[in-house]
Amino acid sequence: QVQLAESGGGSVQAGGSLTLSCTASRSPYTEGCMAWFRQAPAKEHEGVAAIDKNGRAYYSDSAKVRFTISRDNAKNILNLEMTDLKPEDTAMYYCAADRTWCTYGGPWSQYSKFDLYGQGTQVTVSL
């Protein structure tokens, strides 16, 4: 069974850093776009960043300066380095994978277009 498993979440103070990782079992679902989404309580899933297999990356406005997405295709690992964290970054962070490239069939930030999702890892940022 294909799985995505996130790790690296935790509690930090504002201004701190965390690196999230997502380990995927190899499958056609991990040959295309991989992305990070987050969901705060009572809010919709929000696209944070995405990356194609060739390394082309996409970021939300709130993430483009502070976060860096990367992937190791040989090991099927997706990372999200987060710096200068703010309380508004508090959310459950999810890894997602798709068989096609990030902008195929809709914007990369469209949560519903992905084929596979992880269970999430919680990030809590306090003042």
Side-chain angles (χ1 to χ4, degrees):
Q1 184 177 357
V2 179
Q3 289 185 327
L4 300 176
E6 301 95 337
S7 61
S11 297
V12 296
Q13 289 189 320
S17 301
L18 282 174
T19 297
L20 306 183
S21 294
C22 172
T23 302
S25 54
R26 189 175 296 278
S27 81
Y29 297 104
T30 57
E31 293 298 307
C33 183
M34 296 190 76
W36 288 99
F37 288 84
R38 66 187 183 187
Q39 187 178 30
K43 292 192 175 181
E44 299 289 324
H45 286 95
E46 175 190 8
V48 177
I51 186 168
D52 279 315
K53 191 173 183 180
N54 64 6
R56 179 167 183 175
Y58 304 84
Y59 294 92
S60 68
D61 287 343
S62 64
K64 65 174 62 174
V65 175
R66 300 179 295 123
F67 297 177
T68 302
I69 191 171
S70 61
R71 65 190 285 176
D72 184 329
N73 293 325
K75 297 180 180 178
N76 265 10
I77 295 175
L78 176 72
N79 292 314
L80 183 70
E81 296 178 54
M82 304 187 294
T83 63
D84 190 23
L85 283 161
K86 305 176 186 302
E88 51 264 41
D89 294 318
T90 295
M92 186 71 79
Y93 283 70
Y94 298 91
C95 172
D98 193 84
R99 287 166 289 181
T100 59
W101 57 94
C102 291
T103 55
Y104 180 84
W108 66 266
S109 55
Q110 183 179 328
Y111 183 74
S112 61
K113 82 184 193 88
F114 284 78
D115 294 314
L116 196 63
Y117 305 91
Q119 295 298 307
T121 185
Q122 178 68 36
V123 172
T124 303
V125 185
S126 58
L127 289 170

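Only a predicted model underlies this, so the values are computations on that prediction, with no experimental measurement involved.
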**Q.** Check: D52 side chain, G55 main-chain N or O, donor-acceptor pair, under 3.5 Å
**A.** no

**Q.** Side-chain donor or acceptor of E6 paired with backbone N/O of G120 under 3.5 Å
**A.** yes

Report yes if some heavy atom in the side chain of [X] is under 4.5 Å from a heavy atom in the side chain of [Y]; otherwise report no.
{"X": "T19", "Y": "M82", "result": "no"}
{"X": "Y94", "Y": "M92", "result": "yes"}
{"X": "L78", "Y": "I51", "result": "yes"}
{"X": "W36", "Y": "C22", "result": "yes"}
{"X": "S62", "Y": "R38", "result": "yes"}
{"X": "Y58", "Y": "T103", "result": "yes"}
{"X": "T68", "Y": "L80", "result": "no"}
{"X": "T124", "Y": "Q122", "result": "yes"}

Test of understanding: clusters of I, L, V, M, F, W, Y form through side-chain heavy atoms closer than 4.5 Å, transitively. Do [X] and [Y] belong to the same one?
{"X": "Y59", "Y": "Y93", "value": "yes"}
{"X": "F37", "Y": "L85", "value": "no"}
{"X": "F114", "Y": "I69", "value": "no"}

Closest approach of [X] and [Y], non-hydrogen atoms and distance?
{"X": "A50", "Y": "C33", "value": "CB-SG, 3.8 Å"}
{"X": "A24", "Y": "L4", "value": "CB-CD2, 3.3 Å"}
{"X": "L127", "Y": "P87", "value": "CD2-CG, 3.5 Å"}
{"X": "K53", "Y": "R71", "value": "N-NH1, 3.3 Å"}
{"X": "S17", "Y": "V12", "value": "O-CG1, 4.0 Å"}

Q. Would R99 and E31 pass as an ion pair if we require N to O under 4.0 Å?
A. no

Q) Any Lys/Arg nitrogen of D89 or R66 sitting under 4.0 Å from an Asp/Glu carboxylate oxygen of the other? A) yes

(Q) Just checking Q13: does its CD atom have more than 12 heavy atoms from other residues, nucleotides or ligands closer to it than 6.0 angstrom? (A) no

Q. Around atom CD of Q119, are there more than 12 heavy atoms of other residues, nucleotides or ligands at under 6.0 Å?
A. no

Q. Can we call the ring centroids of Y117 and Y111 under 6.0 Å apart?
A. yes

Find the distance between [atom1] ([X]) and [atom2] ([Y]) and round it off to the nearest 0.5 Å.
{"X": "S25", "Y": "N76", "atom1": "OG", "atom2": "CG", "result": "7.5 Å"}
{"X": "D84", "Y": "F67", "atom1": "CG", "atom2": "CZ", "result": "9.0 Å"}
{"X": "T23", "Y": "I77", "atom1": "OG1", "atom2": "CD1", "result": "5.0 Å"}
{"X": "C95", "Y": "M34", "atom1": "SG", "atom2": "CE", "result": "4.0 Å"}

Q) Does the pair L18 and V123 meet the rule for a side-chain contact (heavy atoms from CB on, under 4.5 Å), with working shown? A) CA-CA 9 Å; L18 282 174; V123 172; 3.9 Å; yes

Q: Report the C-alpha distance between L116 and D98 in whole Å, list the side-chain angles of each, state the deciding distance to 0.1 Å, and finish with yes or no for side-chain contact (heavy atoms from CB on, under 4.5 Å).
A: CA-CA 7 Å; L116 196 63; D98 193 84; over 6 Å; no

